Amino acid sequence: MKRLLADALQKYHVWAAEHPDPTFAIWAFIKIFIILNVTLVVVSYLVWAERKICGRMQGRFGPNRVGWFGLLQPWADVVKLFFKEEFVPGSANKVLYSIAPALAIVPALISFSIVPFGPGLHVTDLNVGLLLFLAMSSIGVYAVTLGGWASNNKYALIGGLRSSAQMISYELAMGISTIGVLLLAGSLSMVDIVKAQEHTWFVAFQPVAFLMFMITAFAETNRTPFDLPEAESELVAGFHTEYSSMKFGLFFLGEYSNVITICSIAVTLFLGGWNGPWLPQSLKFLWFFAKLAVLVFVFVWARWTLPRFRYDQLMDLGWKVLLPVSIANVMLTAVVVYMRVPR
Amino acid sequence: MREYLPVLMFIIVGIGFAGVTLGVSQFIVPRRSSAKKMAPYECGVEPVGTARQRVEIKFYLVAVLFILFDIEAVFLYPWAVAFRRLGLYGLIEMVLFVAVLLVGYLYLLQKKALDWNSPS
């Protein structure tokens, strides 16, 4: 059945490429709808998983009252957030204050349009796919910065400022660490990058770049040990101090969607995407989700293992270690690729 | 250009999702506002001054440096994709480019522009 479906999909792709027509748009809309829903469910269960895992790591049970093993907890949380009182601080800049939460979630979701989940299972295959992801992660900076500034609260302002400086510093190293992969794959298309890893995952050739991508991923998503923008012990909640109800909910959802997005990109770039042994073509997407789950677990694990950085240490690491090392890695890769290319 | 259409659709659907979520919540959330509630939160203490103050110049410096190095990253992308076709010429070109940037980077280090704790 699944194979039949995959074959039909493949045939449709071939046919649609030759005959541009409105059904192409309808088909794309269906895929977007499915991916959006799957993402939102996965994100809500990531929140549940994180609370469950951190509970276990601290010798607690975590959520276990709402439903079997607390499995209905995310839905209870959403309902609760919808019915919470919402207020906008009197001195806030109302327009930017309302736009910021949407800016936190929308770019994280849009990045999924270029992630290849399995063979043929992608919304679209752009020839500049990776650039779209980088552009979207840059827009994500605005959410935190504008949210912090528009609240007109000192904690929020400091949180927003810190995060903007942190995210742009680490974005450099993140962008440059992906270039090693581009040199090997010779393409910016995510599907081509996955296909280039059919035999060997790029993490084998680019271990340094993978390590740096993961470090910068922690900083880009504002997760521990780089969660200075919302350092609870000094800034209350950082940039979202003044947010309540569903506006806070969207920030929260945005943070977790960002974790999933960035892990999906890491799986695609370094861990071979859907490539894996045994499974038939139509089930290869299970490999993708298995690798994704492992990386996401690392995110949760690190949160309960590592203490928070000091701000000057954070800036030192970004500018004096990650940036030069990533550039050196690119040059080294270029030399090796040049020597290995047959001519 | 056809493959860009789904991205545009995804943007519209994403904005729609955020808009509907925020819009629906506007109709069902309770609102009992008061002057105290509207004040900026400062751990329950009366707010001191305003949040619209001057901020450290260092944040500005970081932004300027980011632009410089990000332009380098942007230059690296097309180079990396076309590297195999460029051959030795491309390699030497990029080594020179990075060498020029390295000089600038060393200058920044020597000026302590990258030391967060140094007085600006």
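Because the structure is a prediction, the values reported are computed rather than measured. Just so we're on the same page: letters track the sequence lines, and every chain starts at 1.
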**Q** Using side-chain heavy atoms (C-beta onward) and a distance below 4.5 Å, is B:Y77 in contact with A:L131?
**A**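 Yes, at least one pair of side-chain atoms sits under 4.5 Å.
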**Q** In terms of heavy-atom pairs under 4.5 Å, which option from A:E86, A:M315, A:K154, A:Q313 contacts chain B the most?
**A**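 Among A:E86, A:M315, A:K154, A:Q313, the one with the most close pairs to chain B is A:K154.
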**Q** Is chain A contacted by the side chain of B:F66, its backbone, both, or neither, given a heavy-atom distance below 4.5 Å?
**A** both
**Q** May I ask you to test the B:L108-A:W319 pair for a side-chain heavy-atom distance under 4.5 Å?
**A** no
**Q** Is the ring pair B:F59/A:Y311 parallel, tilted or perpendicular, if the boundaries are 30 and 60 degrees?
**A**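 Taking A:Y311 first and then B:F59, their aromatic rings sit tilted (interplane angle of 30° to 60°).
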**Q** Taking every non-hydrogen pair under 4.5 Å, which of A:L126, A:T333, A:L253 racks up the most with chain B?
**A** A:L126
**Q** With no hydrogens and no angle check, is any side-chain donor or acceptor of A:E85 less than 3.5 Å from a backbone partner on B:V29?
**A**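 Answer holds: no.
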**Q** Report yes or no: does B:R84 contribute a side-chain atom to a donor-acceptor pair with the main-chain N or O of A:L184 at less than 3.5 Å?
**A** yes
**Q** Side chains of A:L161 and B:E56, heavy atoms from C-beta outward: is any pair under 4.5 Å?
**A** no
**Q** Check each atom of A:K84 against the heavy atoms of chain B and say whether the ones under 4.5 Å are side chain, backbone, both or neither.
**A**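 For A:K84, the backbone is the part near chain B, not the side chain.
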**Q** Counting only heavy atoms closer than 4.5 Å, note whether A:V106 contacts chain B via side chain, backbone, both or neither.
**A**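 The side chain, not the backbone.
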**Q** Pick whichever of B:A73, B:A18, B:A80, B:G14 has the most heavy-atom pairs under 4.5 Å with chain A.
**A** B:A80
**Q** Quick one: what part of A:L250 sits under 4.5 Å from any heavy atom of chain B, side chain, backbone, both or neither?
**A**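 Answer is side chain: those atoms of A:L250 sit under 4.5 Å from chain B.
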**Q** For A:I110 and B:F10, work out which heavy atoms get closest and say how close.
**A**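 For A:I110 versus B:F10, the nearest heavy atoms are CA-CD2, 4.1 Å.
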**Q** Pick one of side chain, backbone, both or neither for A:S326, based on which atoms fall under 4.5 Å of a heavy atom in chain B.
**A**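 For A:S326, there is no contact with chain B at all, as no heavy atom is under 4.5 Å.
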**Q** Mind ranking A:A165, A:G249, A:A334 by heavy-atom pairs under 4.5 Å with chain B and telling me who comes out on top?
**A** A:A334
**Q** Flag the pair B:F17 / A:I105 as yes when at least one side-chain heavy-atom distance between them is below 4.5 Å, and no otherwise.
**A** yes
**Q** Restricting to non-hydrogen atoms, name the atom on B:P6 and the atom on A:I32 that form the minimum distance, rounded to 0.1 Å.
**A**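 Heavy atoms only, the tightest pair is O-CD1, 3.4 Å.
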**Q** Given that the side chain runs from C-beta out, which part of A:L323 has a heavy atom under 4.5 Å from chain B: side chain, backbone, both or neither?
**A**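 The side chain, not the backbone.
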**Q** Taking the side chain as everything from C-beta on, heavy atoms only, tell me whether B:L109 gets closer than 4.5 Å to A:K320.
**A**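 B:L109 reaches A:K320 side chain to side chain.
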**Q** How long is the span from the CG atom in B:L5 to the CZ atom in A:F29, to the nearest 0.5 Å?
**A** 12.0 Å
**Q** Heavy atoms only, distances under 4.5 angstrom: which of B:V55, B:T21, B:L102, B:V74 has the most pairs with chain A? Name it, please.
**A**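 Going by pairs under 4.5 Å, I would pick B:T21.
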**Q** Which atoms of A:I179 are under 4.5 Å from chain B, going by heavy atoms: the side chain, the backbone, both sets, or neither?
**A** both
**Q** With a 4.5 angstrom heavy-atom cut-off, could you sort out which part of B:R85 is near chain A: side chain, backbone, both or neither?
**A**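 Neither part; nothing is under 4.5 Å.
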**Q** Check this for me: B:F97, atom CZ, are more than 12 non-hydrogen atoms of other residues, nucleotides or ligands nearer than 6.0 Å?
**A** yes
**Q** Chain A heavy atoms under 4.5 Å from B:V98: which part of the residue, side chain, backbone, both or neither?
**A** side chain
**Q** Please classify the contact between B:F69 and chain A as side chain, backbone, both or neither, with a heavy-atom cut-off of under 4.5 Å.
**A**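 Both the backbone and the side chain of B:F69 come within 4.5 Å of chain A.
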**Q** Please state whether the side chain, the backbone, both or neither of B:L22 comes within less than 4.5 Å of a heavy atom of chain A.
**A** side chain
**Q** Does any backbone or side-chain atom of A:N153 lie under 4.5 Å from a heavy atom of chain B? Answer side chain, backbone, both or neither.
**A**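 When you check distances to chain B, atoms from both the backbone and side chain of A:N153 fall under 4.5 Å.
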**Q** Which atoms of A:E242 are under 4.5 Å from chain B, going by heavy atoms: the side chain, the backbone, both sets, or neither?
**A**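 Answer is side chain: those atoms of A:E242 sit under 4.5 Å from chain B.
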**Q** At a heavy-atom separation under 4.5 Å, does A:V88 approach chain B through its side chain, its backbone, both, or neither?
**A** backbone
**Q** Please look at A:W149 and chain B and tell me whether the side chain, the backbone, both or neither of the residue comes under 4.5 angstrom of a heavy atom of that chain.
**A**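 It is both, since atoms from each part get that close.
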**Q** Indicate the atoms forming the closest heavy-atom contact of B:V7 with A:S113, along with that distance.
**A** CG2-OG, 4.1 Å
**Q** With chain B, which of A:G186, A:G180, A:A102, A:S245 has the greatest number of heavy-atom pairs at distances under 4.5 Å?
**A** A:G186
**Q** At a heavy-atom separation under 4.5 Å, does A:L157 approach chain B through its side chain, its backbone, both, or neither?
**A** side chain
**Q** Please step through side chain to side chain contact (heavy atoms under 4.5 Å, CB included) for the pair A:V123 and B:M9, ending with a clear verdict.
**A** CA-CA 10 Å; A:V123 174; B:M9 287 166 68; over 6 Å; no
**Q** Examine whether an atom of A:F82 lies under 4.5 Å from a heavy atom of chain B, and if so say whether it belongs to the side chain, the backbone or both; otherwise answer neither.
**A** both
**Q** Which bit of A:L132 comes within less than 4.5 Å of chain B, counting heavy atoms only: side chain, backbone, both or neither?
**A** side chain
**Q** Quick check for you: among A:L109, A:L36, A:L182, A:L172, which has the greatest number of heavy-atom pairs under 4.5 Å with chain B?
**A**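 The residue among A:L109, A:L36, A:L182, A:L172 with the greatest pair count is A:L172.
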**Q** Under a 4.5 Å heavy-atom cutoff, which of A:L103, A:N127, A:I168 has the most pairs with chain B?
**A**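 Top count of heavy-atom pairs under 4.5 Å with chain B: A:I168.
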**Q** For A:E171, is it the side chain, the backbone, both or neither that has a heavy atom under 4.5 Å from a heavy atom of chain B?
**A**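 Side chain of A:E171 only, per the 4.5 Å heavy-atom cut-off to chain B.
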